[in-house]
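Notes follow the structure.
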Amino acid sequence: ILIFISLYLILNKEVNCQNEQKPKETLLIPFKIHIDEIVLNLLQKKLSLSRFPNQLQNMSEPWQYGSNLEYIVELTSYWQNDFDWRKQEETLNKLPNYLISIDDLKIHLVLQTSTSKNAYPLLFLHGWPGSFFECHKILPLLQDTFTVICPSLPGYGFSEAPKTTGWNPERMARLFIKLMQTLGYSSYIVQGGDWGSIIATKIAILDPNCKGVHLNMFPPSIPLFKSVGGFFRTTLSYFFPRWMLTEKERENIAAMSSLLEETGYMHLQSTRPQTLGYALNDSPVGLASYIVEKFRIWSDCDGDIEKRFSKDEILTNIMIYWVTDSITSSMRLYYEMMHSSSVIKQSNELYVSKPVGCAIFPKELVKPPRAWLEYFYNILTYTEFESGGHFAALEEPKLLTDDIKNFFSKLSLKIKEEL
């Protein structure tokens with residue numbers, strides 16, 4: 001009987017969100033977003049003084065050279081005359097917003113407790129050019145299973161920007177590990193896309209309290225130098241793709257050829273983010289143009305951005321960057337990543353031994369074959385979807401949350417089997 005009781009307690013401690021695991025609320029400062037009217041008035045003045053560039057007339061596609069003039073003029077007009085920030089502010093304040101000090105930085109987070117006694121902590125990490133706003137659609141869908149912790153990355157939105165160099169993904173991962181420890185969570189899972197996926201991967205490697213990781217974006221994972229088997233698999237895939245890869249995998253690899261054209265921003269932000277920051281931090285139209293282009297290209301919208309995002313959604317995310325002056329600090333993460341002395345070494349040595357859930361959305365820029373990913377990740381679940389893109393939490397919240405729940409269900413069974 002004692003053995004049975006002991007096993008029961010162990011299983012519930014490992015798989016359920018231990019009932020005693022509640023955030024240490026005394027460390028959390030309730031936070032309400034309220035932007036000074038002076039900031040909003042200055043924005044209106046800048047919008048009224050916008051000077052738009054000219055545009056070629058014989059382009060093969062309206063967005064061929066970048067953000068389309070007609071759409072940016074239309075969006076600017078809506079921003080100036082119809083967009084209601086106070087209404088969006090009110091909506092954002094319905095989320096349980098908090099501030100907490102970690103590593104001498106004030107970190108903003110949304111912390112939604114679950115309706116379930118057996119809820120499990122889920123750390124949800126956004127990327128660029130997104131924000132914590134990405135969590136607002138998935139929170140209601142996760143509340144029956146998870147307590148969700150959604151922080152703004154340091155230097156993004158309402159999280160304080162670091163004042164010193166060296167804040168690369170690994171340092172951010174260590175900050176979020178400390179965040180979870182400070183909140184009192186002794187076990188949790190983490191989910192991420194874009195930068196969130198890279199930071200989540202680091203967390204899974206570094207923190208024994210992280211029991212699993214669910215990702216909806218992966219770097220170009222090519223196992224050429226990973227092992228002898230990886231070398232031969234990659235080489236054979238190149239010379240004999242029909243034997244080694246499915247038709248869809250061949251299409252996905254072919255689509256990766258567009259990366260050179262679509263990652264010019266990355267080179268700029270990895271080398272001279274401060275220079276770019278002067279323009280984007282001063283011009284609301286410039287900031288909107290820069291971010292809107294990414295949302296259109298990276299989403300499953302068939303070229304019509306408003307098939308996926310309303311103007312209010314687009315502008316709310318842009319406003320989070322604008323009112324916090326955080327576009328420059330957000331871009332510095334690219335510089336810190338690319339100037340890390342161990343970036344190449346780490347990518348070659350990457351292996352996540354914790355169980356990994358893979359959510360593959362069709363319009364994500366990089367979709368390596370599963371066989372390649374298995375050299376880098378201990379894959380527990382792997383799901384390919386028919387719709388959705390880079391901003392999965394905003395585009396397909398139901399598909400994403402169902403996949404997270406499925407991953408957690410199988411993770412729970414795996415933990416029980418190992419015990």
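Summarising the geometry of Gln112 relative to Gln143, their closest heavy-atom pair is NE2-CB, 3.6 Å, with the distance given to 0.1 Å. Between Ile72 and Ser289, the closest heavy-atom pair is CD1-CA, 3.8 Å. For Thr113 against Thr147, the heavy-atom pair with the smallest separation is CA-OG1, 3.8 Å. The nearest pair of heavy atoms linking Met337 to Asn168 is N-CB, 4.4 Å. In this structure, Ala173 and Lys202 approach most closely via the heavy-atom pair CB-CB, 3.5 Å. Across every non-hydrogen atom of Val190 and Ala200, the tightest pair is CG2-CB, 3.6 Å.
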Pair Glu170, Arg174 - check side chain to side chain contact (heavy atoms under 4.5 Å, CB included), show working. CA-CA 6 Å; Glu170 182 171 327; Arg174 294 185 184 279; 3.0 Å; yes

Test salt bridge (charged side-chain N to carboxylate O under 4.0 Å, His left out) on Lys311 and Glu74; report intermediate values, then the result. CA-CA 10 Å; Lys311 283 187 174 70; Glu74 177 188 327; 2.7 Å; yes

What verdict does the side chain to side chain contact (heavy atoms under 4.5 Å, CB included) test give for Ile189 and Leu123, after you've listed the backbone C-alpha separation in whole Å, the side-chain angles of each residue and the deciding distance to 0.1 Å? CA-CA 6 Å; Ile189 64 172; Leu123 176 62; over 6 Å; no

Go through the steps for Arg332 and Gln269 under the test side-chain hydrogen bond (donor to acceptor under 3.5 Å, both in side chains), then give the verdict. CA-CA 7 Å; Arg332 289 188 192 123; Gln269 291 172 198; over 6 Å; no

Working for side chain to side chain contact (heavy atoms under 4.5 Å, CB included), residues Ile38 and Asp36: CA-CA 5 Å; Ile38 294 174; Asp36 196 294; 3.3 Å; yes

Assess whether side chain to side chain contact (heavy atoms under 4.5 Å, CB included) is satisfied between Leu27 and Leu183, documenting all intermediate values. CA-CA 8 Å; Leu27 300 172; Leu183 291 175; 5.7 Å; no

Evaluation steps, salt bridge (charged side-chain N to carboxylate O under 4.0 Å, His left out), between Lys307 and Asp300: CA-CA 9 Å; Lys307 284 179 65 175; Asp300 187 8; over 6 Å; no

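Residues Thr201 and Phe376 form no side-chain contact, since every pair of their non-hydrogen atoms from C-beta on lies 4.5 Å or further apart.
Residue Asp104 places its CG atom among 12 or fewer non-hydrogen atoms of other residues, nucleotides or ligands, all under 6.0 Å distant. The number of heavy atoms from other shown groups lying within 6.0 Å of NZ (Lys46) is above 12. Within 6.0 Å of atom NZ in Lys106, 12 or fewer heavy atoms from other residues, nucleotides or ligands are found, so the atom counts as exposed in its surroundings. Taking a 6.0 Å sphere around NZ of Lys354, one finds it holds more than 12 heavy atoms contributed by other residues, nucleotides or ligands. Applying the 6.0 Å contact sphere to CG of Leu49 captures more than 12 heavy atoms from other residues, nucleotides or ligands.
A donor atom on one side chain and an acceptor atom on the other are found under 3.5 Å apart for Asp194 and His390. Between the side chains of Asp312 and Tyr78, at least one donor-acceptor pair of N or O atoms lies under 3.5 Å.
In this structure, Ser409 OG and Ile404 CD1 are separated by 13.5 Å, a value rounded to the nearest 0.5 Å. Here the CD1 atom belonging to Ile203 is positioned 11.5 Å from the CE atom belonging to Met172, to the nearest 0.5 angstrom. Taking CD1 from Ile138 and CD from Gln191, the interatomic distance works out to 6.5 Å, rounded to the nearest 0.5 Å.
With Ser270 contributing its side chain and Met266 its backbone, the two residues share a donor-acceptor pair below 3.5 Å. When atom types are taken as modelled, the side chain of Asn68 and the backbone of Pro62 share a donor-acceptor pair closer than 3.5 angstrom. Looking only at distances, no side-chain donor or acceptor of Ser283 sits under 3.5 Å from a matching main-chain atom of Leu280. The closest donor-acceptor contact from the side chain of Ser48 to the backbone of Lys45 lies under 3.5 Å. A donor-acceptor pair is defined here as one N or O able to donate and one able to accept, closer than 3.5 Å; such a pair exists between the side chain of Lys367 and the backbone of Pro362. When atom types are taken as modelled, the side chain of Asp207 and the backbone of Asn209 share a donor-acceptor pair closer than 3.5 angstrom. Within the 3.5 Å criterion, the main-chain N or O of Phe133 finds a donor-acceptor partner in the side chain of His136. Remark: the backbone N or O of Leu153 is paired with a side-chain donor or acceptor of His126 at under 3.5 angstrom. Not a single donor-acceptor pair under 3.5 Å links the side chain of Lys117 to the backbone N or O of Ser114. Although no hydrogens or angles enter the test, the distance criterion places a donor-acceptor pair under 3.5 Å between the side chain of Ser50 and the main chain of Leu47.
Ring centroids of Trp195 and Tyr156 are separated by 6.0 Å or more, keeping the two rings apart. The aromatic ring centres of Phe218 and Tyr377 sit less than 6.0 Å apart. Taking the six-membered ring for Trp and the full ring otherwise, Trp128 and Tyr265 have centroids separated by under 6.0 Å. Taking the six-membered ring for Trp, Phe385 and Phe361 have ring centres closer than 6.0 Å.
Salt bridge status for Arg86 with Glu90: absent, with no side-chain N to carboxylate O gap under 4.0 Å. Checked for salt-bridge contact, Arg296 and Glu61 meet the test: a charged N lies under 4.0 Å from a carboxylate O. Using a 4.0 Å cut-off between charged side-chain N and carboxylate O, Lys137 and Glu313 make a salt bridge. For Lys163 and Glu160, the salt-bridge test passes: some basic side-chain N is under 4.0 Å from an acidic carboxylate O.
Taking Phe52 as the reference, nothing meets the ring-ring contact (aromatic ring centres under 6.0 Å, His included) condition, with sequence neighbours excluded. Every residue meeting the ring-ring contact (aromatic ring centres under 6.0 Å, His included) condition with Phe158, not counting sequence neighbours, appears here in chain and number order: Phe31, His108. Taking Asp144 as the reference, Lys405 meet the side chain to side chain donor-acceptor pair (under 3.5 Å) condition, with sequence neighbours excluded. With sequence neighbours excluded, no residue forms a salt bridge (Lys or Arg N to Asp or Glu O under 4.0 Å) with Glu293. Take Ser131 and apply the side chain to side chain donor-acceptor pair (under 3.5 Å) test, not counting sequence neighbours, and it matches Asn317.
Classified by interplanar angle (parallel below 30°, tilted 30° to 60°, perpendicular above 60°), the ring pair Trp85/Phe83 is tilted.
When each of Phe408, Tyr185, Tyr188 is checked for a ring-ring contact (aromatic ring centres under 6.0 Å, His included) with Tyr120, only Phe408 meets the rule.
Remark: Lys294 is positioned above the aromatic ring of Tyr290, its terminal NZ or CZ atom under 6.0 angstrom from the ring centre and at most 45 degrees off the axis.
Contacts classified as salt bridge (Lys or Arg N to Asp or Glu O under 4.0 Å) and involving residues 395-404 (residues at least two apart or in different chains) are given here: Arg308-Glu395, Arg308-Glu396, Lys398-Asp402.
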